[in-house]
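I have placed the structure first, in the form of structure tokens, so that the comments after it can refer back to it.
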Amino acid sequence: MIISHLRAFIKFKGDSFLLPSQNPLSSSRFSPHAALLASLLHSNSFSNNGDRPLSRYQKVANLDDAFNLFDEMTQRRPLPSVVKFNQLLNAVAKMNHFSCSLDLFKQMCLIGVPVNEYSMSIAIKCCCQMSRTNDGFALLASCFRRAVVPNVYIFSTLLDGLVIEDRILEAENFFKKLIKQKLCEPDVVMYSTMIKGLCKFGNNDIAIGLLRLMDERGCKPNVVIYSTIIDSLCKDKLIEDAFKLFKEMVFAKGIQPDVITYNSLIHGLCNLCRWDEVSKLLKEMEEDLRISPDLHTFSILVDALCKEGRVDEAEAVIDIMVERRVVPDIVTYNTLIDGYCLRGEMTKARTLFDSLTSKGFVPNVVTYSSLLNGYCRSLKIEEAMHLFHEMTRKGLKPCIVTYSTMLQGLFRVGRCGAARKFFDEMQAQGLIPDECTYGIILDGFCNNHQVEEALSLFHLVA
DNA sequence: TTAGGGTTAG
């Protein structure tokens, strides 16, 4: 159903000058809902946002270029404006080199560049993205010394840092304090950050309450806010509530959904195996709204089909992706490898794994863990061990899932001693066992008639 | 001229 729908749409795209209702492949006529959706979409989609060409400071391609440019800037007299420094700082942060960006910020301060609220917010974001939100707050304190007045950008970034670190109570208190003490008026981004935090901790109802409140306070919710809550409801399998909110967003509020909104809904339906509705939604987004599925959409479909054991169809989806010039990424391939592994098709999994390099991909910790899991499930523990050592040799750091997978495999073949060693090694690496790890260990010892060992571990935990 | 939020894999 999904495959045939996606195939049909390739042909449909070829005739895209036709209105959906005129297209012979479109099974239903344009519904009033679809017409409204389409009018919403087309009314805003061609606005010019006035993009300027990027400056040389924003265009740096790699770290070396960034450092060279920074050095050159610091030699100039007079010094370039803080704007140029900020652009470079941000470009480095965008490359996910947060620590380097922070170093550049510190150097800016040392050489006397008059840093402003833009520089501060970039530096604070770097701290937060590295889970060093406390350092971000230290920078906030330094704003006062530097005569920089913190604004809603800076506060939102810090709030997001608390959410990233799962410090939800502190996030809530910080948010309330900002409002109560009138330190800033929250805008749509700050509300969305708070709502994301609430959703992350399962407080969907409070998140919806905040959505109502922001509206009452005159801050209009947008597609990001709605999509955040819709996604959370979908993840909690509250799909009817998600669709209710989706309809409210589109029909009552006149906010157009985008591909991210649809991806969340499609994912939610996939998790419930409601395939007919997945097809319907794909059709609606493509034919009525002209929103093309993207890499995420395809990865969600590939993953869902693999989990259902429908690996052949998952392969077909990847073929369709390629035909539509959506380039699969490592996530797509990891999903497929996992699909083969779950079906015990280790030769296929291995062949795909081995072909990744020639496709231009570097296997990551998830790729290795998936393949390891396949070997462990097939009781090919030596192959799993070999792969484990290969990944560490290549400089990949096994994570808690990798270790847990190995532990499960070792217990399956009765190698409790080796499992214990892995468990100790894992802790020596600074990895903290999670509930899943303990479950595997307890099961493993018990199934191998070493209840005492299991109990001793349990007492250790308790 | 420069800064903040939502979707995918083990």
Side-chain angles (χ1 to χ4, degrees), chain A residues 52-55 57-58 80-91 93-94 101 115-126 128-129 150-161 163-164 184 186-197 199-200 221-232 234-235 257-268 270 293-304 306-307 328-339 341-342 363-374 376 398-402 404-405 436:
Chain A
R52 291 171 178 281
L54 296 178
S55 72
Y57 310 95
Q58 294 167 304
S81 75
V82 64
V83 173
K84 289 175 177 133
F85 279 103
N86 289 344
Q87 287 178 333
L88 183 59
L89 219 56
N90 195 38
K94 286 258 156 66
S101 179
V115 294
N116 60 14
E117 59 271 42
Y118 292 81
S119 341
M120 293 304 299
S121 73
I122 299 165
I124 290 173
K125 184 181 177 172
C126 290
C128 293
Q129 291 293 319
N151 59 16
V152 70
Y153 284 78
I154 289 179
F155 290 130
S156 298
T157 308
L158 285 164
L159 185 68
D160 196 39
V163 171
I164 288 171
C184 76
D187 65 2
V188 69
V189 176
M190 183 172 270
Y191 277 111
S192 85
T193 308
M194 191 64 250
I195 283 174
K196 177 181 74 174
C199 289
K200 196 174 173 187
N222 61 11
V223 66
V224 175
I225 300 258
Y226 271 99
S227 299
T228 305
I229 307 178
I230 287 170
D231 183 64
S232 178
C234 287
K235 289 207 165 78
D258 60 16
V259 68
I260 299 182
T261 326
Y262 275 101
N263 285 344
S264 292
L265 288 168
I266 289 169
H267 197 191
C270 283
D294 65 2
L295 180 58
H296 282 82
T297 326
F298 283 108
S299 291
I300 289 164
L301 294 174
V302 170
D303 180 48
C306 283
K307 287 203 168 80
D329 68 356
I330 190 70
V331 176
T332 325
Y333 285 113
N334 285 349
T335 306
L336 193 57
I337 287 174
D338 191 52
C341 288
L342 295 181
N364 62 20
V365 66
V366 180
T367 328
Y368 274 96
S369 300
S370 299
L371 199 58
L372 272 177
N373 186 39
C376 287
C399 66
I400 192 79
V401 180
T402 328
S404 300
T405 307
C436 181

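Labels below follow one simple rule: chain letters A, B, ... track the order of the sequence lines, proteins then strands, and each chain is numbered from 1. Values reported hereafter were calculated over all heavy atoms of this structure, with side chains retained and with hydrogens, waters and symmetry mates removed.
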Sequence neighbours left out, what passes side-chain contact (heavy atoms from CB on, under 4.5 Å) with [X]? Give chain and number order.
X         : answer
Val366(A) : Asn334(A), Asn364(A), Ser370(A)
Val83(A)  : Ser81(A), Gln87(A)
Ile164(A) : Gln129(A), Ser131(A), Asp160(A)
Val401(A) : Cys399(A), Thr405(A)

How would you label the contact of [X] with the nucleic acid (heavy atoms, under 4.0 Å): base, sugar-phosphate, or nothing?
X         : result
Thr367(A) : nothing
Gln58(A)  : sugar-phosphate
Met120(A) : nothing
Val302(A) : nothing
Lys235(A) : sugar-phosphate
Thr228(A) : sugar-phosphate
Val188(A) : base

Problem - Residues forming a ring-ring contact (aromatic ring centres under 6.0 Å, His included) with Tyr226(A), sequence neighbours excluded - result: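 For Tyr226(A) there are no ring-ring contact (aromatic ring centres under 6.0 Å, His included) partners, ignoring immediate neighbours.
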
Problem - Contact check, side chains of Cys184(A) and Asn151(A), non-hydrogen atoms, under 4.5 Å - result: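 When only atoms from C-beta onward are counted, Asn151(A) and Cys184(A) do not touch, as no gap falls below 4.5 Å.
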
Problem - Span of DNA chain B, from the first to the last nucleotide whose atoms fall under 4.0 Å of chain A heavy atoms - result: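 Range of nucleotides within reach of chain A: dT1(B) to dG10(B).
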
